[in-house]
Asker: 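To start, I am sharing the structure in question, which I have written as structure tokens.
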Amino acid sequence: MSLSAKSILIAALAMTAATNASAADLTTYQVPDAGYDRPPAFQWSGAYFGAHGGIASPKFNPFASGKGLTGGVQAGYNFQVGPGIVGAELEGSYLGNNEIRVPNGKVEERFRGAAKAKAGLTFDRTLVYGTAGLTMTKFEGGRGVSTSGGWKQGYLVGGGVEQGFGGGLSAKIEYNYVMTNDVSTTTSSGKSKTDLRDHVIKAGLNYRF
């Protein structure tokens with residue numbers, strides 16, 4: 001075999017050995033574990049309680065005349081299935097001196113209790129929901145107007161947005177439209193029954209446990 005042929009053969013064998021060594025290195029190389037765990041999604045399930053405050057008004061405009069400051073407490077329970085939420089809530093509120101017009105005068109709303117159902121969708125820490133339920137409202141007569149006294153049953157519908165934070169805390173903004181039918185009043189002109197409507201806009205804080 002000539003010297004040139006031997007040189008070519010040796011070079012070919014050397015390249016083959018180098019290629020095999022590189023392939024072996026590639027097959028044994030492993031990407032190091034970054035050690036990153038995605039944080040768990042925020043959980044809305046469970047019991048909660050909290051407080052709220054806002055404005056009750058006979059008109060949709062919360063700055064209209066006759067409005068009253070409202071405040072109270074709430075407690076409830078949520079069930080979460082995927083991004084969906086269903087729940088129930090009990091609420092008690094003091095309505096201040098929210099005045100609603102009736103024939104020949106006005107009446108004032110003083111206290112309200114509500115039992116509400118809730119359903120909505122979550123976007124991790126944000127909950128968008130609708131609500132509906134039954135109410136019991138305590139009315140008092142105004143100047144020259146008296147009521148039959150006691151509590152009057154009504155209904156509400158509404159919705160809100162709630163934002164979750166760490167430590168089980170969340171904050172919400174909610175709107176309620178409340179309907180109370182056949183509220184009896186008496187004035188110097190006689191007796192009457194009136195269907196009353198009011199709007200409540202409130203902000204609140206909840207704590208989950």
Asker: For G164 and S170, work out which heavy atoms get closest and say how close.
Answerer: CA-CB, 3.9 Å
Asker: With sequence neighbours left out, what residues match K106 under salt bridge (Lys or Arg N to Asp or Glu O under 4.0 Å)?
Answerer: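 K106 satisfies salt bridge (Lys or Arg N to Asp or Glu O under 4.0 Å) with E99 only.
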Asker: Once side chain to side chain contact (heavy atoms under 4.5 Å, CB included) is applied, do any residues pair with P83, and if so which ones, sequence neighbours excluded?
Answerer: T122
Asker: With sequence neighbours excluded, tell me which residues meet salt bridge (Lys or Arg N to Asp or Glu O under 4.0 Å) with E109.
Answerer: R112
Asker: What residue pairs, at least two apart or across chains, pass ring pair (Phe, Tyr, Trp, His ring centres under 6.0 Å) with a residue in residues 74-128?
Answerer: Y77-F79, Y94-F111
Asker: Does some side-chain heavy atom of K118 sit less than 4.5 Å from a side-chain heavy atom of V86?
Answerer: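 The answer is no; the side chains never approach within 4.5 Å.
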Asker: Please write out which residues are connected to I201 in a hydrophobic cluster, directly or through intermediates, given that two of Ile, Leu, Val, Met, Phe, Trp, Tyr count as joined at side-chain heavy-atom separations below 4.5 angstrom.
Answerer: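 Other cluster members: F60, L134, Y155, V157, Y175, Y177, M179.
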Asker: Of all the heavy-atom pairs spanning L121 and G84, show the shortest one and how long it is.
Answerer: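 For L121 versus G84, the nearest heavy atoms are CD2-CA, 4.2 Å.
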Asker: Once side chain to side chain contact (heavy atoms under 4.5 Å, CB included) is applied, do any residues pair with A171, and if so which ones, sequence neighbours excluded?
Answerer: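 Applying side chain to side chain contact (heavy atoms under 4.5 Å, CB included) to A171 gives F165, L205.
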Asker: State, with a plain yes or no, whether a side-chain heavy atom of V145 is found less than 4.5 Å away from one of T186.
Answerer: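 No - every pair of side-chain heavy atoms lies 4.5 Å or more apart.
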Asker: Side chains of K67 and N61: is there a donor and an acceptor less than 3.5 Å apart?
Answerer: no
Asker: Got a sec, which residues hit salt bridge (Lys or Arg N to Asp or Glu O under 4.0 Å) with R110, two or more places apart in sequence or on another chain?
Answerer: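 Applying salt bridge (Lys or Arg N to Asp or Glu O under 4.0 Å) to R110 gives E108, E140.
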Asker: Excluding sequence neighbours, so at least two apart, what forms side chain to side chain contact (heavy atoms under 4.5 Å, CB included) with S45?
Answerer: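 If we apply the side chain to side chain contact (heavy atoms under 4.5 Å, CB included) test to S45, skipping adjacent residues, the hits are Q43, Q80.
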Asker: Taking the side chain as every heavy atom from C-beta outward, state whether S57 and D198 have any pair of such atoms under 4.5 Å apart.
Answerer: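 Answer no - side chains too far apart.
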Asker: For a side-chain contact (heavy atoms from CB on, under 4.5 Å) check, start with the C-alpha distance between Q74 and K116, then their side-chain angles and the critical distance, and finish with the verdict.
Answerer: CA-CA 10 Å; Q74 69 272 351; K116 303 186 292 183; over 6 Å; no
Asker: Taking side chain to side chain contact (heavy atoms under 4.5 Å, CB included) as the definition, give me every residue that meets it alongside T70, ordered by chain and number, with sequence neighbours left out.
Answerer: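 Checked T70 against side chain to side chain contact (heavy atoms under 4.5 Å, CB included); matches are S93, L95, V200.
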Asker: Give, for atom CG of L156 and atom OG1 of T135, the distance between the pair rounded to the nearest 0.5 Å.
Answerer: 6.0 Å
Asker: Quick check: are there more than 12 heavy atoms from other residues, nucleotides or ligands sitting under 6.0 Å from CD1 of I173?
Answerer: no
Asker: Taking the side chain as everything from C-beta on, heavy atoms only, tell me whether T131 gets closer than 4.5 Å to N176.
Answerer: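 They are in contact (side-chain heavy atoms under 4.5 Å apart), so the answer is yes.
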Asker: With a 4.0 Å cut-off, would you call E162 and R208 a salt bridge?
Answerer: yes
Asker: Between V102 and N104, is any pair of side-chain heavy atoms under 4.5 Å apart?
Answerer: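 V102 does not reach N104 side chain to side chain.
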Asker: Considering non-hydrogen atoms only, spot the tightest contact between V107 and G141 and give its length.
Answerer: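 Nearest heavy atoms, V107 then G141: CG1-CA, 4.4 Å.
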Asker: Could you work out, with ring-ring contact (aromatic ring centres under 6.0 Å, His included) as the rule, every residue matching F42, not counting sequence neighbours?
Answerer: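 For F42 the ring-ring contact (aromatic ring centres under 6.0 Å, His included) partners, ignoring immediate neighbours, are W44.
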Asker: Could you work out the complete set of other residues in the hydrophobic cluster of F49, with links drawn between I, L, V, M, F, W and Y side chains under 4.5 Å apart?
Answerer: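 Hydrophobic cluster check, F49: joined to L169, Y207, F209.
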Asker: Is the backbone N or O of D182 less than 3.5 Å from a side-chain atom of D195, with the two atoms forming a donor-acceptor pair by type?
Answerer: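 At least one qualifying donor-acceptor pair exists.
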Asker: If every non-hydrogen atom of T194 is compared with every non-hydrogen atom of P103, which pair is closest and at what distance?
Answerer: OG1-CD, 3.1 Å
Asker: Could you pull out the closest heavy-atom pair between P58 and I100, with the gap in Å?
Answerer: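 The pair with the smallest heavy-atom distance is CB-CG1, 4.2 Å.
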Asker: Taking L196's backbone N and O only, do any of them form a donor-acceptor pair with T180's side chain (distance below 3.5 Å, no angle check)?
Answerer: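 No; zero donor-acceptor contacts below 3.5 Å.
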Asker: Which one of K152, R197, Q153 satisfies the side chain to side chain donor-acceptor pair (under 3.5 Å) criterion with N181?
Answerer: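 When side chain to side chain donor-acceptor pair (under 3.5 Å) is applied between N181 and each of K152, R197, Q153, only R197 qualifies.
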Asker: For R125, I'd like to know if atom CZ has over 12 heavy atoms of other residues, nucleotides or ligands within 6.0 Å.
Answerer: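 Count over threshold, so yes.
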Asker: Hey, could you give me the CG/NZ distance between L69 and K202, rounded to the nearest 0.5 Å?
Answerer: 14.0 Å
Asker: With sequence neighbours left out, what residues match K172 under salt bridge (Lys or Arg N to Asp or Glu O under 4.0 Å)?
Answerer: E89, E174
Asker: Does a side chain donor of either T147 or T185 reach within less than 3.5 Å of an acceptor in the other side chain?
Answerer: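 There is no such pair (donor and acceptor under 3.5 Å, judged by atom type) between the side chains of T147 and T185.
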